[in-house]
Amino acid sequence: MIRRFGCDPMPVDGGHKGIEVLKSQSGASIELVILDLNMPGMSGLEFLDKMQAIRGDLPVIVQTAQGSIETVITAMRAGADDFVVKPVSPERLRISVQNLLKVNALTEEVKRLNKKVGGALGFHDLIASSPAMANVLRLGRRGAQSNIPVLIEGESGVGKEMIARAIQGESERAGRPFVAVNCGAIPSHLVESILFGHEKGAFTGATARHTGKFQEADGGTLFLDEVAELPLDMQVKLLRAIQEGEIDPVGARKPVKVNIRIISATNRNMIDMVKAGQFREDLYYRLNVFPVMVPPLRERKEDIPALVEHFITRFAAEEGRKIRGITPDALELLRGYTWPGNVRQLENTVFRAMVLCEGDRLSIEDFPQIASLVEGYEIKIPPAPQLAPKAPLPRGAEAIASGAPLPLKGGPAVSDGIAYGIPAVTEGGHIRKLEDVEADMIRLALARYQGQMSEVARKLGIGRSTLYRRMKDLGLEEAAG
């Protein structure tokens, strides 16, 4: 029954064997326990008591033939999360399993978010179990043991900030401020003020004293994201701040001492920038004391299933959607894509799929853009809808509905001597609604290009997502069905 629910059961004979499994290495993969109360050797209540010391976080469903109120209360007090009476209804058990797995996943998400906010996120909290990430985790843990400046390199969207947070979370500065600055998003004339702060009246518009990011991070960690985007004049001041451990706020009379740990990140080749004179060599070697290279997602596809489940759980809670997972075919599709935008692109793709999804699991149909880019996968494109109005069609509308060419009096030939046209007026001589004309145009394009949505969107001068949305708004998808 559990296998039919899409889960992988691990049956064991008796409570003693169950405790052994939970203590073993394979016990870490168990997410839920279904427990019989009446067992030889060790009762279900004894098992619950011993389990609390091993895996107290596991949700437990208790089953028994005795459905008395006293039995239920005793089991719940012992740590059970739900209760079913034998013989168990498949639907009742399925709902219980789904709800408890969802609650457990949400609990883990809340723990992860609390650790992130509290500056205590560790490497064991990251979704990075692939072999390609093993060296990243090893170097990250080593770097966390000292205050050595760390430079995290990698493509955009690979999760460099999460690595930086994990380094702080496992260092002596855990729980202290973690201040992230995107150097590429700061206007050039405000870089100095934002990083180092300014005094009241230091320049026009400085109506109050401003504490810079260096002072905000005092005692903790300053994360300089996209550090390669800093202007050259600011690179000199940043170098002095790192070397001397003090900053000069704009308009201040004396420097301010700061105690921070610098972690920087970049998605550019900084060696080439140094050679081209775009980045100071002395600052580069000051930042690049302990380099960590994060591989792109295409080189660690083993992490994709866990990342997808993580995003589904999060978005299901945020959006209030009852989506509990993804089909094996859809997951294989995601594993077959190269992900140029890395983890950030995967996150946005799952979010979009959950908006499109009409069932309780994501399927290939919910990833039309990815399916069109992966070899071996086909997406279902609706056929060109046929116009079937109740009233007589205006002149030429029959041709539009069927995709046939429409001859126009005095009109220029488009191809093979025949022009295509859309009627602008009704049979009574009134102007047609704009959305009706637009619907006819989309019908004509669908028929003309045989339902090839990319070609249809390109010829109409709109994006594919806009085309799908307009078809839905105009009722063309229902007509196709």
Side-chain angles (χ1 to χ4, degrees), residues 6 8 105 109 126-137 152-163 265-269 293-316 318-319 321 323-382 449 451-458 462-469 471-472 477:
D8 185 17
E109 283 300 306
L126 302 182
I127 301 174
S129 58
S130 61
M133 288 295 289
N135 190 50
V136 175
L137 302 184
I152 305 174
E153 300 176 278
E155 297 178 7
S156 179
V158 295
K160 297 187 288 293
E161 182 175 339
M162 297 301 292
I163 299 295
T266 182
N267 62 359
R268 302 181 63 179
N269 189 325
M293 174 64 73
V294 183
L297 186 58
R298 61 182 172 273
E299 295 179 9
R300 49 183 175 115
K301 292 188 176 181
E302 296 88 348
D303 291 334
I304 288 179
L307 286 168
V308 170
E309 288 298 325
H310 164 70
F311 294 138
I312 290 176
T313 301
R314 200 183 89 205
F315 292 133
E318 292 177 358
E319 299 294 316
R321 301 296 303 276
I323 297 176
R324 63 182 182 89
I326 183 171
T327 63
D329 290 344
L331 187 58
E332 195 59 34
L333 165 68
L334 299 184
R335 289 171 62 93
Y337 186 52
T338 55
W339 300 108
N342 294 295
V343 180
R344 185 181 295 119
Q345 183 187 6
L346 176 63
E347 178 182 7
N348 294 331
T349 300
V350 173
F351 192 6
R352 179 181 182 274
M354 293 190 67
V355 173
L356 294 175
C357 184
E358 296 180 355
D360 62 350
R361 301 179 75 188
L362 300 183
S363 61
I364 291 179
E365 286 71 23
D366 300 317
F367 300 94
Q369 294 176 326
I370 303 300
S372 65
L373 298 172
V374 178
E375 187 177 354
Y377 288 89
E378 295 182 1
I379 53 174
K380 296 178 181 179
I381 301 175
Y449 300 107
Q452 299 180 19
M453 305 304 272
S454 297
E455 187 69 12
V456 170
R458 186 159 46 249
I462 59 177
R464 278 183 52 170
S465 59
T466 303
L467 174 60
Y468 283 117
R469 186 173 65 251
M471 288 180 65
K472 184 175 182 180
E477 288 186 335

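Since we're looking at a predicted model, the values are computed, not measured.
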Next on the checklist: Under the criterion salt bridge (charged side-chain N to carboxylate O under 4.0 Å, His left out), I'd like the reasoning laid out for E455 against R458: C-alpha separation, chi angles, the key distance, then a yes or no.
Outcome noted: CA-CA 5 Å; E455 187 69 12; R458 186 159 46 249; 2.6 Å; yes

Do you know which two heavy atoms are closest between [X] and [Y], and how far apart they sit?
{"X": "S363", "Y": "F367", "value": "O-CD1, 3.2 Å"}
{"X": "P295", "Y": "A132", "value": "CG-O, 3.6 Å"}
{"X": "A371", "Y": "I364", "value": "CB-CG2, 4.3 Å"}
{"X": "I323", "Y": "A316", "value": "O-CB, 4.0 Å"}
{"X": "C357", "Y": "D366", "value": "CA-OD1, 3.4 Å"}
{"X": "A306", "Y": "I127", "value": "CB-CG2, 3.5 Å"}

When you measure from the side chain of [X] to the backbone of [Y], do you find a donor-acceptor pair of N or O atoms at a distance under 3.5 Å?
{"X": "W339", "Y": "R344", "result": "no"}
{"X": "T466", "Y": "I462", "result": "no"}
{"X": "K301", "Y": "S130", "result": "no"}
{"X": "K160", "Y": "G154", "result": "yes"}

Flag side-chain contact, heavy atom, 4.5 Å: [X] against [Y]:
{"X": "L333", "Y": "D329", "answer": "no"}
{"X": "R361", "Y": "P328", "answer": "yes"}
{"X": "N267", "Y": "V158", "answer": "no"}
{"X": "Y337", "Y": "Q369", "answer": "no"}
{"X": "V308", "Y": "E347", "answer": "no"}

Between [atom1] on residue [X] and [atom2] on residue [Y], distance to nearest 0.5 Å:
{"X": "M453", "Y": "L467", "atom1": "CE", "atom2": "CG", "value": "4.5 Å"}
{"X": "L297", "Y": "T338", "atom1": "CG", "atom2": "OG1", "value": "9.5 Å"}
{"X": "Y468", "Y": "L356", "atom1": "OH", "atom2": "CG", "value": "10.0 Å"}
{"X": "L307", "Y": "I312", "atom1": "CG", "atom2": "CD1", "value": "11.0 Å"}
{"X": "L334", "Y": "L346", "atom1": "CG", "atom2": "CG", "value": "6.5 Å"}
{"X": "I152", "Y": "M293", "atom1": "CD1", "atom2": "CE", "value": "11.5 Å"}

Next on the checklist: If the threshold is 4.0 Å, N to carboxylate O, is there a salt bridge linking E155 and R298?
Outcome noted: yes

Checklist entry - Does the distance from a Lys or Arg side-chain N to an Asp or Glu carboxylate O, for R268 and E153, drop under 4.0 Å? => result no

Next on the checklist: Does R335 form a salt bridge (charged side-chain N to carboxylate O under 4.0 Å, His left out) with E302? I'd like the steps, not just the answer.
Outcome noted: CA-CA 8 Å; R335 289 171 62 93; E302 296 88 348; over 6 Å; no

Checklist entry - Does the pair M354 and F311 meet the rule for a side chain to side chain contact (heavy atoms under 4.5 Å, CB included), with working shown? => result CA-CA 10 Å; M354 293 190 67; F311 294 138; over 6 Å; no

Checklist outcome for this item: Given the options V343, V136, N342, R300 meets side-chain contact (heavy atoms from CB on, under 4.5 Å) only with V343

